[in-house]
Amino acid sequence: MTTSYHLIASPDTWIEGEALRQLEQTATLPGMRAAVGLPDLHPGQGYPIGAAFLSERIYPALVGNDIGCGMALWQTDLSRRRFKPERAAERLQGLEAPWAGELDDWRAEFDLEPTDFDAALGTIGGGNHFAEMQAVETVMDPAALSALGIETDQLLLLVHSGSRGLGESVLRGIVDQQGHQGLDPASPEAIDYLQQHDQALRWAEANRGLIAQRLFEALKTVGKRRLDIWHNLVQPVDWHGERLWLHRKGAAPADRGPVVIPGSRGSLSYLVQPLGDSAHSLHSLAHGAGRKWKRGEARGRLSGRQRPEDLVTTALGGRVICEDKELLYDEAPENYKGIERVVADLVEAGLMTVIATLRPLLTYKVRRPANRNGARPAQRQPGFRQPQRDRL
DNA sequence: ATGTAC
């Protein structure tokens, strides 16, 4: 069966040919009913990222390895006026190490069995994952903002992370056994995969919660969770009376209330209100700006123009903690499409409205990465330099 | 994306 795909993006939005080819190819998989590319669509490992798929069968490889990856937003009680990014950065240390506290309460709260990966519970991970202190920049919908319980004079914490090694092991387990084929939802393999997948969703949610708690403790504040949204998952849906499977791979849900669509660390993030009937978009939205350049290409592309010390401050005046040079280049704002275009596409498609924009003040990625030889600790990060406000 | 593959 060949299913046509639907792309939600204006002609002005640049989308890589390889991503479209992957979207088209994925739409031809057996049992596929609908495939939607969102404006942050970009190539993944065989399957595109920034897409949603509706199918009769369950495709673990479409969800990918980071099952349960998503965004969570907290309201803190830190005054935005009194916040000193450099002081806060000094307090944020050792978040890569296993959490020293007791995990039993976390497991109980999120209904988790102990796993071999629990030492990573409460750690951010690599790639595009981060924890970021943000300030409300512009409010477009004050009523929706206060309904969410968000105060404009106190900082927010946005956490983007997933299920770390656990999701990876769940995917590897099923792919080693079944390859990339779609699973019959009634089969024992599918039932077993879904049970592990659902646990990985809860683990990822708990992970974001513990990451947030560790930052709150370091910054001597507290926070209240305002939303926690998965963008990598598969779930059953009732589609006109039929039970089908909705896969989201880097796609935020449009049917779970407000979501945050972050830009790169150098641009604003958008807190948005999904709208109305979004069946043609498979009840999905973009999950971010979308990469423009592949990981690993960035250093070669940028290192001639920008040094590491240039990359630890952003055009919006934000401070970045990232002591892994490769990662610092890989996640530089230049690697990402403009979030403004992505957001405009979704608004013009009638899929959402903007509640508020959020400004990144301090982005935590990683300190002291494990060296390839495991020996020499990373160089101390260069000091904070005053951002160039005139570029705003 | 990942206690990464060789």
Side-chain angles (χ1 to χ4, degrees), chain A residues 18-19 22 26 40-51 59-72 94-99 103 114-131 159-176 180 193 196-197 199-201 203-208 210-211 229-234 247-252 262 264-265 286-298 322 324 326-332 335-336 363-375:
Chain A
E18 172 66 6
Q22 289 182 345
T26 307
D40 59 337
L41 190 78
H42 59 282
Q45 291 182 12
Y47 312 99
I49 300 161
Y59 285 92
L62 276 188
V63 178
N65 63 315
D66 199 0
I67 302 163
C69 187
M71 302 280 171
L95 295 172
E96 296 72 29
W99 188 51
L103 287 176
T115 76
D116 293 343
F117 305 93
D118 290 356
L121 198 61
T123 62
I124 295 167
N128 56 4
H129 291 171
F130 61 81
V159 175
H160 177 206
S161 190
S163 55
R164 312 286 278 108
L166 177 62
E168 164 79 19
S169 81
V170 172
L171 177 66
R172 198 172 50 241
I174 190 71
V175 166
D176 284 353
H180 281 211
Y193 168 75
Q196 295 181 63
H197 162 281
Q199 156 132 307
L201 293 187
W203 197 101
E205 186 180 350
N207 188 35
R208 290 185 285 273
L210 186 48
I211 290 166
I229 295 290
W230 296 302
H231 54 225
N232 289 350
L233 79 164
V234 58
H247 304 69
R248 290 198 180 96
K249 175 60 173 174
S264 72
R265 67 194 183 206
H287 79 313
R291 289 194 81 85
K292 201 160 57 177
W293 317 122
K294 286 193 191 76
R295 287 203 178 94
E297 287 183 357
C322 182
D324 177 335
E326 195 73 34
L327 186 58
L328 190 61
Y329 280 103
D330 263 346
E331 297 300 316
N335 291 287
Y336 285 86
T363 306
Y364 191 102
K365 298 286 290 179
V366 70
R367 286 198 187 272
R368 295 172 165 274
N371 195 287
R372 220 171 261 167
N373 313 323

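Chain letters run A, B, ... following the sequence lines, proteins first, then strands; residues in each count from 1.
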If the condition is side-chain contact (heavy atoms from CB on, under 4.5 Å), which residues does A:Ala72 pass it with, not counting sequence neighbours? A:Trp74, A:Arg208, A:Asp228

So, with a heavy-atom separation below 4.0 Å from DNA chain B, the residues of residues 119-126 of chain A are A:Gly125, A:Gly126

What's the spacing between A:Arg265 CZ and A:Tyr336 OH if we round to 0.5 Å? 9.0 Å

So A:Asp116, base contact, sugar-phosphate only, or nothing? Heavy-atom distance under 4.0 Å. base

Within this structure, what is the CG-to-P distance between A:Leu171 and B:dT2, rounded to whole angstrom? 13 Å

For a quick test of your reading: what N or O donor-acceptor pairs under 3.5 Å do the side chains of residues 61-70 of chain A make, sequence neighbours left out?
unit_1, atom_1, unit_2, atom_2, d
A:Asn65, ND2, A:Glu168, OE1, 3.2
A:Asp66, OD1, A:Ser163, N, 2.9
A:Asp66, OD2, A:His129, NE2, 3.1

Would you please name every residue forming a salt bridge (Lys or Arg N to Asp or Glu O under 4.0 Å) with A:Glu331, sequence neighbours left out? A:Arg291, A:Arg295

Output the rounded distance in Å from CG (A:Asp66) to P (B:dT2). 6 Å

Without decimals, in angstroms, what is the distance between A:Glu326 CD and B:dT4 C1'? 14 Å

A:Asn207 CG to B:dT2 P: how many Å, rounded? 9 Å

In whole angstroms, how far is the P atom of B:dT2 from the CD1 atom of A:Ile174? 21 Å

What pairs with A:Trp293 under side-chain contact (heavy atoms from CB on, under 4.5 Å), at least two apart in sequence or on another chain? A:Glu297, A:Arg301, A:Asn335

Residue pairs passing the salt bridge (charged side-chain N to carboxylate O under 4.0 Å, His left out) test with at least one member in residues 40-49 of chain A, sequence neighbours excluded, are none

When the distance from CG of A:Leu327 to P of B:dT4 is rounded to whole Å, what number comes out? 17 Å

Send over the distance from A:Ile49 CD1 to B:dT2 P, rounded to a whole Å. 13 Å

Base, sugar-phosphate alone, or nothing: which one does A:Gly64 contact when heavy atoms must sit under 4.0 Å apart? nothing

Result for 5'-nearest mapping on DNA chain B, choosing between A:Arg172 and A:His129, is A:His129

